[in-house]
Amino acid sequence: MTTRRVNDFTIKIATVNGTGSASANTLLMKSIFRSGVPVMGKNFFPSNIQGLPTWYEIRVSRDGHVARSGRVDLMVALNPETYARDVKEVASGGFLVYDSTWPRPALLSRPDITVIGVPLAQMCNERFSGVRTRILMKNICYAGVLAALLSLDLERIRGLLAETYAKKPALVESNMQAIQLGYDYARQHFECPLPLSVEPMDRTAGHIMIDGNTAAALGCVYAGATVAAWYPITPSTSLMDAFKSFCDRLRVDPETGLRRFAFIQAEDELAAIGMVLGASWNGARSFTATSGPGISLMNEFLGLAYYAEVPAVIFDIQRVGPSTGMPTRTQQGDLMACAYASHGDTRHVCLYPANPEECFYMAREAFDLAERLQTPVMVLSDLDIGMNDWMCPDLEWDDAYRPDRGKVLGLEEILKLEKFHRYVDKDGDGIPWRTLPGVHPKAAYFTRGSGHTQFGAYTEDSADYQVVLDRLLRKWDTAKKRVPRPIADGAGSELGIVSLGSSDSAIREALAVLRGRGVAIDYLRVRAFPFGEEVERFLAAHRLSFVVEQNRDAQLRSLLTLETAVEKAKLRSLLHYSGLPVSSSFIVEGVLAEIASPAAQPQDIAHA
Amino acid sequence: MTTRRVNDFTIKIATVNGTGSASANTLLMKSIFRSGVPVMGKNFFPSNIQGLPTWYEIRVSRDGHVARSGRVDLMVALNPETYARDVKEVASGGFLVYDSTWPRPALLSRPDITVIGVPLAQMCNERFSGVRTRILMKNICYAGVLAALLSLDLERIRGLLAETYAKKPALVESNMQAIQLGYDYARQHFECPLPLSVEPMDRTAGHIMIDGNTAAALGCVYAGATVAAWYPITPSTSLMDAFKSFCDRLRVDPETGLRRFAFIQAEDELAAIGMVLGASWNGARSFTATSGPGISLMNEFLGLAYYAEVPAVIFDIQRVGPSTGMPTRTQQGDLMACAYASHGDTRHVCLYPANPEECFYMAREAFDLAERLQTPVMVLSDLDIGMNDWMCPDLEWDDAYRPDRGKVLGLEEILKLEKFHRYVDKDGDGIPWRTLPGVHPKAAYFTRGSGHTQFGAYTEDSADYQVVLDRLLRKWDTAKKRVPRPIADGAGSELGIVSLGSSDSAIREALAVLRGRGVAIDYLRVRAFPFGEEVERFLAAHRLSFVVEQNRDAQLRSLLTLETAVEKAKLRSLLHYSGLPVSSSFIVEGVLAEIASPAAQPQDIAHA
Amino acid sequence: MTFITKPKVAHPSLPRNALGCTRRDYEGALSTLCAGCGHDSITAAIVEACWGLSLEPQNLVKLSGIGCSSKTTAYFVSGGHGFNSVHGRMPSIATGANAANRRLSYIGVSGDGDTLSIGLGQFCHAIRRNLDMLYIIENNGVYGLTKGQFSASADVGSKAKKGETNLQPPIDPVLLALDLGATFVARSFSGDKRQLVPLIEAGLRHRGFALIDVLSPCVTFNDHEGSTKSYAYTREHYEPAVLADFVPREREITADYGAGEASEVILHDGSRIVLRKLDADYDPGDRRAAAARVQERMSSGEYLTGLIYLDASGERPEFHQVSRTPEVPLNSLPYEALTPGAKALEKILARYR
Amino acid sequence: MTFITKPKVAHPSLPRNALGCTRRDYEGALSTLCAGCGHDSITAAIVEACWGLSLEPQNLVKLSGIGCSSKTTAYFVSGGHGFNSVHGRMPSIATGANAANRRLSYIGVSGDGDTLSIGLGQFCHAIRRNLDMLYIIENNGVYGLTKGQFSASADVGSKAKKGETNLQPPIDPVLLALDLGATFVARSFSGDKRQLVPLIEAGLRHRGFALIDVLSPCVTFNDHEGSTKSYAYTREHYEPAVLADFVPREREITADYGAGEASEVILHDGSRIVLRKLDADYDPGDRRAAAARVQERMSSGEYLTGLIYLDASGERPEFHQVSRTPEVPLNSLPYEALTPGAKALEKILARYR
Ligand SMILES: Cc1ncc(C[n+]2csc(CCOP(=O)(O)OP(=O)(O)O)c2C)c(N)n1
Ligand SMILES: Cc1ncc(C[n+]2csc(CCOP(=O)(O)OP(=O)(O)O)c2C)c(N)n1
Ligand code: SF4
Ligand code: SF4
Ligand SMILES: [Mg+2]
Ligand SMILES: [Mg+2]
């Protein structure tokens, strides 16, 4: 028999994309959220438009753990094509719901789980007419089944539907009918609720459920970005869509219909980054969003921006590489590609948000830094953060915020100057002053990616060239002090975990588990490249640090190795690169395996 | 008074480009070479077509040192625009030749050097007519002056001219007239030869003077490359030009005029690498040549080639970055950009030739490796190697050589197979078997940069994806054993120098100097990435290794840090990134400064 | 995407071509496109054409970029090698592949996004090189795979699913190809197999660059009212100008054509294209007139279809003629024909002494 | 390349424009191009035009890619900001810059390599967007800076300095621009300042994308006999079709035109272009006819020059009209006009609960 797991279990729903199950899944997830229970939803969808396997994982966690748990307690197996693997995945003692309209003997192969058959298709075919409607209804009907099995509040579900279909009330009714159908069937045929169930709490107040791309887009709106240029690519597209729709709502003059933003669908990524550079150079806050292939295509322009010192903000919503890879799976595989993008001696400021909340704040930060440092700033999110709904504390905004436009000379300052020199290090921080076109002829300068003196003139002279190149390193040192600081947790253990980005939630859960089992271990989450003082100190203070990241080649470990003083032997990699978000159990097991092994001595393994 | 320096001095000639001095310089350099004296010529030219300062350095070295010495013994200052700096550069006790047609009091500011005025323009204006002819003749006339001052053999010079202008004998005469003019004037007015002079030796037999791009092109011809696709960019253009002209001579059917090669000027670098991949995939040996900006543009395709396992050979003739940088200056600045090109987890085989001789052999090696390993192979030469004339041992060819086409299944093997699977690791070395289009339907497979199983099918499944990604790491391990081994010099010291590519000649001279001064120091020249066993051993065996390279960011040191077990503290950087080839004195001084300093302890300085 | 491989059991009664193959032998993996997608009809037409030509499957090389359209190369002729490259850069892969082996047939399948946005430069330059390949654009006016953004072929005034109206003029691949000197330019509609199949056959046999722009509605993102690339609109505003029947060398012309109704063009391999002009005025051999007519129809919202322009004269050299490469494919030349040998090296070095 | 900065001491007798500036005030750094390079003449024409328009130097933004031609932005109007970007990608820089500040004048200078090879895609898309800028191609048929390779505008049969003959048809930017809907299309010759200067003036004032393709001989690599882009050839095969006089709003039309000889077009800012057609038949307001004429002349080896096509109707919206951005440049909007503020955030968040 299964133990009761109130507010602490994982549901996985296996369907086919393009058939309407997405709304049912969101409905379930949100109704749990609204009952005050922490929840997370992760969507594993195929890179096509219709007809292929797709999964949705809902983790209900009274303790607020929003990473993948690594186990499935209740499987809703609605896709015959994936039955075999779906059945396998259910944890012993777990449950499986399937459409019993057709007999599925294969599903009965697991005596250790409880199989629940509901004739979804049959019920819907009887109740509804029209092929399309029947399919759609079947795919909402299971929400009713789960509502009964997990004891979700039907009224809350109706409320959510009413919000979604505010403009199409008829849809609310038909959907509710389907849900009721499932609900009633389940209650009539099975003991409800299951040992897995949801009981209202109040742990979601002051929180929202939002995806990282939406949050980042909102951050761009609030940062005052006006020129957005991009080329569509999964999983970055929704960031741009969200920016546009926020601006359509918030930045259009109601009287004139004029838009206080420019939104440009470029012909490709080379053009997109070119547009961002042109706009930033000309004094607008400008950004683009892309994914790995786009970063590769932007390499040449990124080098120009670094060397000619043009601000720019680039969101890289990472997906699985190399090459086209798996466009709808997640990875942290572009760390090196972004940090050192382009030929020659280049290096770029990178920010690493861990969740949608940080996407929001770091978007703003990225613009401030880019203008402050006059260099491209890349925000490395990923598909998991960007496209999944995460529970976050409410986003906050201080109306006192004003954009930091960095060292831009205004007309009055220009008039006072005898002569303007673009690349001179007046302030000793490696950051020169810039001017904008259209202000005054005296302030005009010539921007070029070819060799230039500190005065902005073309040069092929070694010394002149080096003056600029060396100053760029001083600017880099300044950057170290300006970028977001890392976040540390725990104190004084000799073991540490170092990580970044979306691995955070899994790590925080793993820490709880490990500490629960008596493993004293600290945690540092790096939030930006270059690394600063605190990263150095953490690494120095720990005998052994596990570097947890989601790629094959230990890219964060590489950056730490190169850009801090740490001895390599003190870094141990835990690498997860399956394309699914890392789970807490992966980390727990990885750490335990290492410290349990007789060779618990640090050793150099680049690819664990 | 100057000491006599027979066959051991450096001449520098300052002129303006597009005025014909290039032929005079080559003439001088070659006539020294033909008198059996080791010599090197380095051209420092501007990135324009006509009218800007240009310098040519000729180092005469009886000991065979072909790096820049770092000193100038005789300056031929013919460009008024650069007089000021040219005068400064002459070593104390040295000489300066200038055109005394006009008074140049500024040139007389150095009492410690001997200034030699020759009225070049005046003499040529008197003797020749026509503006263009006069300029050209003035710029050959100084060759005669130098011939007298250094005691070069006039007959040898005439012989060289006769070879150059075999088809235009009139030019031989007019040029000789100008040379004689200078020669006679010098002998009449100055004591000839100077304490600097050339005396015939026999140290150049069995050697040629060739630039690296020509040698690389020849290597491609001999390797059997048939499809060359490129987009013009300095300093890679001459490689492609040479390939074409060799093929025009050696690969055209005299009867039909048909060409056994395809030479495609692509519309840009993205297209060039695409063409190379298409051709290689289809079974032709194919290559491209480019420089930094081209590498940046090729990033996306390089990732595809890595992941889809398509052979390709790419020559990167490095120039000064970042961005457009200084197109006519040299650097080793693309080491990181090439090693890890493209987003996601990628890594590429790189070869590092040190001189034209190696360009030749490594070109061949690159094709063999690319097909053997089914992956792009990048040959990182640079402007110094590629465009300057180097003295090299005669290139040798073994007619027994046959291209190693790697694991390509032929028709008979295919017929025997039950089924063909593209990405299965049959042999345990990480290298799968491939087939070519047009052979048999059973052997057809689908090449893609998206996620694929080892059987070549599309996948979004974690396990299937990882099987392939993990095998690629096994292939990487195989590559370590297959790439050219490093070259080690010296044994048993506790100090070492590690370097690569064109820094070699300067280092070898520096070693001689250092050892002469009692500094015991070993040397390892890395010739390929990934690094193998021997690199590991060298690093492990030395207490401190100086990493000498020509870039700002210590890119070789970074690669060594990441890809070997060496402790970072054991690596000390000596970085030269002025755009001029590193000189031996830079290295000598760098090493001496370090070992003399009280803090001779290794410390971690990323940017010395 | 090939989660499932189609079973290939040929029913004995299925018709067989000269190689003894049934249509089944020219199929590929199961399509994963949306039900009703125009692209699937084009796939079917390609299968039909390859079968009809009795092409040896291994002699077909299938090339594509990225997009729903570009995926389709996996769905036909599984016996031919496929190269699904990166977005917009298929023409360069095709150029290299063709340079290496001129004996195979090259078919490139691309989308309007893949060709006219990110890939515009490579597309134009492949035409300029007169690369010997058949290039099919599966043109739906949107980016299908990334969920419905306008592509550069979207017409002014056409509405996105989300309601946005396009205000930028379309780039028309047919006009572009005419301007750039393409030697075979056609347009068709995924729903018109009778027109499309012979065009594909002829395009595969044409020596030089053959473009077929196929209007191919995207049922998911661009098949609504107001879209000029919808099934409804396309069916109505579709004006066939010149119908083409393709007759391989091996076959006789069997159809009966009325007097003056049809003219015949002989391709370099002896195959024939029988042209039937629906409008006596139209001359598919006159590049400028063709362009003018296309523009004229376009300005009244019509798509001129059929074999719009053909230059079978062979006067414009194709890529290998320009390169003067031998008939034997470069990838088959023995090494002995490529290496100058050790002796020659001696001579070469003499110049560098 | 600016090793040397030109001394700018204006002689008191030099003529001054409405701003009180002499031509000197519109000059830039000393050119480092080859003596006699066509590009330098174009630079001079730009200086003349900017002076003639009394442009405030700081209101001119100069954009370019890479090449000898692209270097020239450093050689005029040193009081305006310049952005010498990367090879072939200037149009995207221009698009972003223009998006940020619509009030400035944008002049892009490019080469035939920069525009028609590596930059072809961006060039076409800038036209499609009807970006408000003047785009000058300094067209010499070769890659000057990399020493004389053929560019995509080299004519069939033209010979390289090394003797190689080009066999590929040229890509003609004028035809391309006409096809893609450009609203101002002109061609001229670097040696014809009288024709060129008013074209530049008009192009700068035109709202939308103005293209001037200027034949500009490369004396070093492509000025020999047999080159269709040489001074000799260009001078001879140069057919002015429509001469344009440009008259800024602030000025009266002073020249006397014979009856029926000239027609006038009023630009959006009130300036006028007086068109003098050398051939009564020619209609520079008819896009298709213009294209036909260009092609016709081209096939007999002639370059049609002058203002080949002009759409001053303003019917085709330029980039900002499509984007519906306000008159106030985006880069000047105060932050208060951009941030929704803390209160609005509360409401937004409500949707995510
Ligand atoms: C470099 C790069 N940028 C963007 C993408 C994302 N992407 C995939 S397909 C596509 C557009 C496809 O449109 P189209 O070619 O018209 O094909 P369709 O899906 O409409 O058939 C885009 C933008 C990508 N794969 N690679
Ligand atoms: C990415 C890149 N590829 C190649 C080059 C080398 N390059 C510099 S200028 C040029 C061609 C210039 O030709 P064009 O635009 O016609 O200008 P011109 O010199 O003839 O005026 C090339 C290929 C480069 N700078 N960047
Ligand atoms: S999204 Fe459109 S183009 Fe893509 S498969 Fe579906 S119908 Fe076809
Ligand atoms: S090479 Fe040609 S284009 Fe370049 S500056 Fe000289 S003449 Fe002009
Ligand atoms: Mg499309
Ligand atoms: Mg040019």
Side-chain angles (χ1 to χ4, degrees), chain A residues 46-47 291-293 295-297 299-300 302-304 306-308 320-329 331 333-334 336-337 340 342-347 448-451 459-460 462-463 465-466 469-470 473 551-553 555 558 561-563 565 567-569 577-580 604 606-607, chain B residues 46-47 292-293 295-297 299-300 302-304 306-308 320-329 331 333-334 336-337 340-347 448-451 459-460 462-463 465-466 469-470 473 551-553 555 558 561-563 565 567-569 577-580 604 606-607:
Chain A
S47 175
S291 193
I295 294 292
S296 281
L297 289 172
N299 257 260
E300 189 190 20
L302 287 171
L304 172 73
Y306 170 79
Y307 188 38
V320 169
S323 193
T324 303
M326 299 196 289
T328 58
R329 296 286 181 266
Q331 222 172 45
D334 300 344
M336 289 284 284
Y340 302 117
S342 207
H343 62 279
D345 289 313
T346 53
R347 38 185 59 202
R448 40 164 73 85
S450 42
T459 193
E460 290 175 1
S462 298
Y465 161 81
Q466 280 178 272
L469 226 60
D470 291 344
L473 283 184
N551 58 59
R552 184 195 67 180
D553 288 351
Q555 300 190 25
S558 296
T561 303
L562 290 180
E563 308 278 349
E567 286 163 51
K568 292 192 291 184
Y577 50 100
S578 71
L580 303 180
D604 194 58
H607 315 101
Chain B
S47 175
I295 294 292
S296 280
L297 288 173
N299 257 260
E300 190 191 20
L302 287 171
L304 173 73
Y306 170 78
Y307 188 36
V320 169
S323 194
T324 304
M326 300 197 291
T328 59
R329 296 285 181 270
Q331 224 172 45
D334 301 343
M336 288 283 283
Y340 302 117
S342 206
H343 62 280
D345 288 311
T346 53
R347 37 184 63 199
R448 41 165 72 87
S450 43
T459 193
E460 290 175 1
S462 298
Y465 162 80
Q466 280 178 273
L469 225 61
D470 291 343
L473 282 185
N551 57 60
R552 184 195 66 180
D553 287 352
Q555 300 189 27
S558 296
T561 303
L562 291 180
E563 308 277 350
E567 286 162 50
K568 293 191 291 183
Y577 51 99
S578 71
L580 303 180
D604 192 56
H607 316 100

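Convention: sequence-line order gives letters A, B, ...; per-chain numbering from 1. Keep in mind that the numbers below use all heavy atoms, side chains included, and drop hydrogens, waters and symmetry copies. Predicted, not measured: the structure shown is a model, and the values here were computed from it.
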Give the member of [options] that has the highest number of heavy-atom pairs under 4.5 Å with chain A.
options                                    : answer
Gly321(B), Pro327(B), Ala341(B), Ala308(B) : Gly321(B)
Gly579(B), Ala463(B), Ser450(B)            : Ser450(B)
Ala337(B), Pro293(B), Ser296(B)            : Ser296(B)
Gly333(B), Ser578(B), Gly303(B)            : Ser578(B)

Find out whether [X] and [Y] are in side-chain contact, i.e. whether some heavy atom of one side chain is under 4.5 Å from a heavy atom of the other.
X         : Y         : result
His343(B) : Gln331(A) : no
Thr324(B) : Arg448(A) : no
Pro322(B) : Leu469(A) : yes
Ser342(B) : Asn299(A) : no
Asp345(B) : Gln555(A) : yes
Asp553(B) : Thr346(A) : no

Heavy atoms only, distances under 4.5 angstrom: which of Asn551(A), Leu580(A), Ile295(A) has the most pairs with chain B? Name it, please.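 Among the listed options, the one with the most contacts to chain B is Asn551(A).
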
Taking all atoms of both residues into account, what is the closest heavy-atom pair of [X] and [Y], and its distance?
X         : Y         : result
Tyr465(B) : Tyr577(A) : CE2-O, 3.2 Å
Glu460(A) : Met326(B) : CA-SD, 3.4 Å
Ser323(A) : Tyr307(B) : CB-CD2, 4.1 Å

Chain A contact via Glu300(B) - which portion, at a heavy-atom distance below 4.5 Å: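 Both parts, backbone and side chain.
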
Roughly how far, to the nearest 0.5 Å, is the CD atom of Glu567(B) from the CD atom of Glu567(A)?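 Those atoms lie 7.0 Å apart.
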
About how many Å separate OG1 of Thr561(A) and CG of Leu562(B), when rounded to the nearest 0.5 Å?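 Nearest 0.5 Å value for the CG-OG1 distance: 6.0 Å.
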
Using heavy-atom distances under 4.5 Å, tell me whether Ser291(A) contacts chain B through its side chain, its backbone, both, or neither.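 Neither part.
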
